[in-house]
Every structure is written in structure tokens, then in C-alpha cells.
Amino acid sequence: MSITTFDTAGTREATPVASGRLELDTAALEAAKRSLEKGAVTPSYGPWREDIITLLNGALATEIVCTLRYKRHYFTAKGLASPKIAEEFLVHANEETAHGDMLAERIVQLGGEPDFAPTTLTSRSHADYDESLDLQAMIRANLIAERVAIEAYGQMIKLIGDKDSTTRRILESILAQEQEHADELSDWLTP
Ligand SMILES: [Fe+2]
Ligand SMILES: [Fe+2]
């Protein structure tokens with residue numbers, strides 16, 4: 001049995017009383033029939049929706065800065081001795097853009113607004129932009145940024161836990177690709 005109360009907006013006000021059984025919260029199912037303006041956001045999001053949107057906007061800013069850094073490196077490194085590495089920077093740039101798009105889409109599904117404001121991007125990003133001219137310095141800067149992204153996504157996945165399984169799956173798929181990026185970069189880094 002669950003006891004849940006809702007305000008007029010259909011937002012959960014009290015946590016269900018634990019019955020010790022695996023039962024659905026029927027009051028929350030009823031509440032899901034109301035507040036249609038909330039789209040995909042149902043009462044089980046509880047108070048976490050805004051925090052999750054804030055986390056996703058931090059990740060979105062990071063992905064945009066990572067896209068810009070990789071593009072800068074791609075065009076700068078093209079004339080250098082390693083066109084293969086330059087091409088890989090472009091592949092990473094496009095993958096970071098795709099990550100940003102996934103995050104922006106999820107933010108909108110959660111009823112939030114994706115923040116693409118250019119003036120605050122670098123202060124909101126977890127990872128840094130970089131203007132190195134030397135190929136090894138570029139690889140090092142990208143590896144640092146990937147490691148920051150891996151740490152941030154790992155923390156977000158732990159924080160979200162079972163509060164929003166769709167967002168968690170998106171973050172897990174992005175994390176797996178950031179780990180591949182870091183792996184490739186560390187192979188190119190000369191000790
Ligand atoms: Fe990314
Ligand atoms: Fe990456």
C-alpha cells in the first residue's frame with residue numbers, strides 16, 4: 001500500500017509508505033493522468049527534475065566547448081605531420097556535437113530549456129577550450145578534457161541513480177564514448 005498526496009499541479013508531496021512489497025504507486029498513476037502540459041514528466045520525477053536539467057545543461061556546455069576545441073585542433077593540425085590524428089580530432093568533434101544534441105533533446109523532454117548561450121559557455125563547461133599549436137600539446141589538452149568529462153558523467157550517473165532511468169541510459173552511452181576517446185588519445189600521447 002502507498003500513501004501519496006499531490007498538490008494541484010500533480011507534484012508528489014509525500015514519499016510512498018514502504019510496504020515491503022514490489023507494488024506500483026496507484027495514486028501516482030492517477031496523478032499522471034493530470035498535468036498533461038508536463039508532457040513526458042510524470043510524478044515519479046519528484047523534486048529532482050530541475051536538478052537533472054541543471055546537470056544536463058552543465059554537460060551540454062561541456063560538449064559544445066569540446067566540439068569547439070576539437071574543431072580548432074582539427075583545422076590547426078591538418079597541416080602538421082599527422083593527418084590521421086587531425087582526422088580523428090574531427091571524428092571526436094562530430095561525436096561531441098552528437099552528445100550535445102542528445103542532452104539538449106533530453107532537457108526539452110524534461111520540460112527544461114537547453115542553454116546554448118555563447119557568452120557563458122566556457123564558465124559553465126567542466127572542460128577547457130585550448131589553442132595549442134603543437135600536436136602533442138593538443139592531444140594532452142584533449143585527454144585532460146576527456147578525463148574531466150568521464151569524471152563528470154560518472155558522478156552524474158551515480159547522482160541520478162534510479163531517479164531518471166532514461167537520462168541515466170543516455171549519460172551511460174555518452175560516458176562509454178568518452179572512455180573510447182580517452183583511450184585513443186592516451187595511445188597517441190608520447191611519454
Ligand atoms: Fe562528449
Ligand atoms: Fe569525448
Side-chain angles (χ1 to χ4, degrees), residues 48-78 80 82-110 112-161 163-191:
W48 307 114
R49 190 184 64 92
E50 283 180 19
D51 286 353
I52 292 171
I53 289 169
T54 301
L55 290 171
L56 293 179
N57 261 320
L60 172 60
T62 306
E63 295 293 354
I64 297 168
V65 168
C66 288
T67 300
L68 296 172
R69 190 190 58 254
Y70 273 123
K71 284 222 171 188
R72 155 84 191 197
H73 287 178
Y74 163 65
F75 285 106
T76 315
K78 248 193 336 182
L80 299 178
S82 291
K84 219 181 127 222
I85 292 179
E87 286 300 326
E88 208 52 44
F89 287 159
L90 182 61
V91 171
H92 285 203
N94 292 334
E95 287 172 347
E96 309 303 10
T97 301
H99 296 165
D101 290 350
M102 289 160 76
L103 296 166
E105 196 169 2
R106 185 61 187 150
I107 289 167
V108 172
Q109 277 177 356
L110 289 172
E113 292 180 16
D115 192 347
F116 286 89
T119 48
T120 55
L121 266 185
T122 47
S123 62
R124 292 184 295 111
S125 168
H126 307 130
D128 294 330
Y129 183 69
D130 177 78
E131 296 180 332
S132 297
L133 294 172
D134 167 79
L135 193 64
Q136 277 297 314
M138 291 180 200
I139 294 169
R140 184 174 294 277
N142 289 324
L143 180 56
I144 291 169
E146 294 291 354
R147 286 175 51 81
V148 169
I150 289 167
E151 176 62 24
Y153 281 119
Q155 287 189 22
M156 277 185 249
I157 289 163
K158 279 201 192 108
L159 284 170
I160 290 171
K163 294 176 182 70
D164 178 350
S165 55
T166 305
T167 298
R168 197 189 62 230
R169 277 200 305 277
I170 292 168
L171 297 179
E172 284 169 346
S173 71
I174 296 175
L175 172 62
Q177 204 154 42
E178 308 303 10
Q179 287 168 335
E180 284 172 22
H181 291 172
D183 221 32
E184 286 173 15
L185 291 162
S186 59
D187 286 345
W188 300 329
L189 196 65
T190 47

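Whatever order the structure lists ligands and atoms in, that order sets their numbers, starting from 1. Just so it is clear, the values below take in all heavy atoms, side chains as well, and ignore hydrogens, waters and symmetry mates. Computed from a prediction, not measured in an experiment: that's the story for all the values here.
Take the N/O/S atoms of His181: the one nearest the Fe ion (ligand 2) is ND1. When the N, O or S atoms of Glu96 are ranked by distance to the Fe ion (ligand 2), OE2 comes first. Between the Fe ion (ligand 2) and the N, O or S atoms of Glu178, the shortest distance is to OE1.
Using a cut-off of 2.8 Å, one finds that His99 contributes an N/O/S atom close to the Fe ion (ligand 1).
Taking all atoms of both residues into account, the shortest heavy-atom contact from Glu131 to Arg72 is O-NH2, 3.2 Å.
Within the 4.5 Å cutoff, no side-chain heavy atoms of Arg147 are placed close to those of Glu178. In this structure, His126 and Glu151 have side chains that are not in contact, with every pair of non-hydrogen atoms separated by 4.5 Å or more.
With 3.5 Å as the limit, one finds no donor-acceptor pair spanning the side chains of His92 and Glu95.
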